[in-house]
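Starting from 1, each residue takes its place in the sequence as its number.
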Amino acid sequence: QVQLVDAGGGLVQAGGSLRLSCAASGLTFSSYAMAWFRQAPGKEREFVAVIRPIGTTYYTDSVKGRFTISRDSAKNTVYLQMNRLKVEDTALYYCAATRAVGLSILRRSAMDYWGQGTNLTVSS
């Protein structure tokens with residue numbers, strides 16, 4: 001049984017930092033690209049960042065230079081380091097895993113598994 005357990009969300013002031021984590025089990029971690037998506041209240045779930053098994057990363061434009069995605073194969077865990085947080089980063093953040101290839105790994109529809117979500121609130 002595949003499980004993705006998101007953690008690390010919370011309340012932080014604008015300009016602050018936070019690190020999300022996602023522990024994966026029940027899958028061959030090295031075979032999956034790992035992604036983060038987010039969903040703000042009243043909005044659709046959107047792509048944030050993804051990291052391929054070989055380490056290639058992609059980010060949505062609004063987080064480039066502020067967020068860093070990384071993975072630890074020894075711990076089967078993916079991280080999202082978020083710096084210089086903005087109020088507009090407030091959302092429920094979801095970890096996801098996919099065996100898709102190419103740029104389809106940026107698409108919500110390509111994800112095979114999802115975490116339960118962890119909430120981030122950035123106050124002004």
Side-chain angles (χ1 to χ4, degrees):
Q1 180 183 359
V2 175
Q3 276 195 313
L4 301 180
V5 180
D6 308 329
L11 174 64
V12 63
Q13 283 194 325
S17 298
L18 207 64
R19 189 178 78 161
L20 305 182
S21 65
C22 171
S25 61
L27 52 73
T28 304
F29 189 70
S30 61
S31 296
Y32 285 80
M34 300 298 295
W36 288 96
F37 287 74
R38 66 186 179 186
Q39 188 167 13
K43 295 189 177 181
E44 291 193 353
R45 195 172 300 187
E46 65 173 1
F47 168 77
V48 176
V50 66
I51 183 167
R52 287 198 170 117
I54 60 170
T56 310
T57 58
Y58 298 91
Y59 298 90
T60 192
D61 285 346
S62 62
V63 309
K64 283 180 182 175
R66 300 189 298 120
F67 290 11
T68 302
I69 188 170
S70 62
R71 60 192 294 156
D72 184 336
S73 296
K75 297 181 179 180
N76 282 8
T77 298
V78 62
Y79 301 98
L80 186 67
Q81 177 66 44
M82 305 181 292
N83 298 327
R84 303 200 312 274
L85 282 162
K86 303 177 180 180
V87 171
E88 50 264 42
D89 294 320
T90 295
L92 192 58
Y93 282 73
Y94 295 90
C95 170
T98 178
R99 295 194 66 175
V101 297
L103 292 181
S104 61
I105 60 174
L106 279 66
R107 291 202 291 265
R108 184 177 63 187
S109 60
M111 299 299 120
D112 296 311
Y113 303 105
W114 291 91
Q116 82 284 0
T118 185
N119 200 44
L120 169 68
T121 302
V122 183
S123 63
S124 59

Q. Is it true that the NZ or CZ of Arg71 lies under 6.0 Å from the centre of Phe29's six-membered ring and within 45 degrees of the ring axis?
A. yes
Q) So which heavy atom on Ala110 is nearest to which on Ala100, and how close? A) CB-CB, 4.0 Å
Q.
Quick check for you: to the nearest 0.5 Å, what is the distance between Leu106 atom CG and Thr60 atom OG1?
A. 8.5 Å
Q. With clusters built from Ile, Leu, Val, Met, Phe, Trp and Tyr whose side-chain heavy atoms come within less than 4.5 Å, directly or transitively, what are the remaining members of the cluster of Tyr79, listed by chain and number?
A. none
**Q.** Pairs meeting criterion salt bridge (charged side-chain N to carboxylate O under 4.0 Å, His left out) with involvement of residues 112-121, two or more places apart
**A.** none
Q) For residues 35-85, which residue pairs qualify under disulfide bond (SG atoms under 2.5 Å apart), counting only residues two or more places apart or in two chains? A) none
Q | Pairs involving residues 40-58, ordered by first then second residue, that meet salt bridge (charged side-chain N to carboxylate O under 4.0 Å, His left out) (sequence neighbours left out) | A | Arg38-Glu46
Q) Quick one: salt bridge (Lys or Arg N to Asp or Glu O under 4.0 Å) partners of Arg66, sequence neighbours excluded? A) Asp89
Q: Starting at OH of Tyr32, measure out to CD1 of Ile105 and round the result to the nearest 0.5 Å.
A: 14.5 Å
**Q.** Lys75 versus Thr77, closest heavy-atom pair with distance
**A.** O-OG1, 2.8 Å
**Q.** Same apolar cluster (I L V M F W Y, side chains within < 4.5 Å links), Phe37/Leu103
**A.** yes
Q.
So, using side-chain hydrogen bond (donor to acceptor under 3.5 Å, both in side chains) as the criterion, who are the partners of Gln81 when residues are at least two apart?
A. Asn83
Q. Applying the 4.5 Å side-chain criterion to the ILVMFWY set and letting contacts propagate, would Leu92 and Leu18 be lumped into a single cluster?
A. no
Q: Could you identify which residues cluster with Val87, counting Ile, Leu, Val, Met, Phe, Trp and Tyr as linked when any side-chain heavy atoms lie under 4.5 Å apart, either directly or through a chain of such contacts?
A: none
Q) Does any pair with a residue in residues 2-101 pass disulfide bond (SG atoms under 2.5 Å apart), and if so which ones, sequence neighbours excluded? A) Cys22-Cys95
Q | Over all atoms of both residues, closest heavy-atom pair of Ser31 and Pro53 | A | C-CG, 4.1 Å
Q | Test applied, side-chain contact (heavy atoms from CB on, under 4.5 Å); reference residue, Tyr59; option that passes from Ile51, Val50, Thr68, Val48 | A | Thr68
Q.
Connecting only ILVMFWY residues whose side-chain heavy atoms lie within less than 4.5 Å of each other, what is the rest of Leu11's hydrophobic cluster?
A. none
(Q) If hydrophobic clusters are built by linking Ile, Leu, Val, Met, Phe, Trp and Tyr wherever their side-chain heavy atoms come under 4.5 Å apart, do Leu85 and Phe47 end up in the same one? (A) no
Without placing hydrogens or testing angles, list every side-chain donor-acceptor pair under 3.5 Å for residues 114-124, not counting sequence neighbours.
from: Gln116; atom 1: OE1; to: Asp6; atom 2: N; distance (Å): 3.2
from: Gln116; atom 1: NE2; to: Asp6; atom 2: O; distance (Å): 2.8
from: Thr118; atom 1: OG1; to: Gly9; atom 2: N; distance (Å): 3.0

Q | Distance in Å, Ser62 OG paired with Glu88 CD, rounded so as to fall on 0.5 Å steps | A | 8.5 Å
(Q) If you define the side chain from C-beta out and look only at heavy atoms, does anything of Leu4 sit under 4.5 Å from Met34? (A) yes
**Q.** Hphob cluster co-occupancy, Met82 + Val12, side-chain heavy atoms under 4.5 angstrom
**A.** yes
Q: Any chance you could pull the hydrophobic cluster mates of Val5, using side-chain heavy atoms under 4.5 angstrom and chaining through other members?
A: none
Q. Which residue pairs pass the salt bridge (charged side-chain N to carboxylate O under 4.0 Å, His left out) test when at least one of the two sits in residues 10-29, sequence neighbours left out?
A. none
Q) Which atoms form the tightest heavy-atom contact between Ala49 and Leu80, and what is the distance? A) CB-CD1, 4.3 Å
Q: Measure the spacing between CZ of Arg99 and OG1 of Thr28 and express it to the nearest 0.5 Å.
A: 7.0 Å
(Q) Can you confirm whether Trp36 sits close enough to Phe67 that some side-chain heavy atom of one is under 4.5 Å from a side-chain heavy atom of the other? (A) no
Q: For the residue pair Met111 and Tyr94, establish whether any side-chain heavy-atom pair is separated by less than 4.5 Å.
A: no
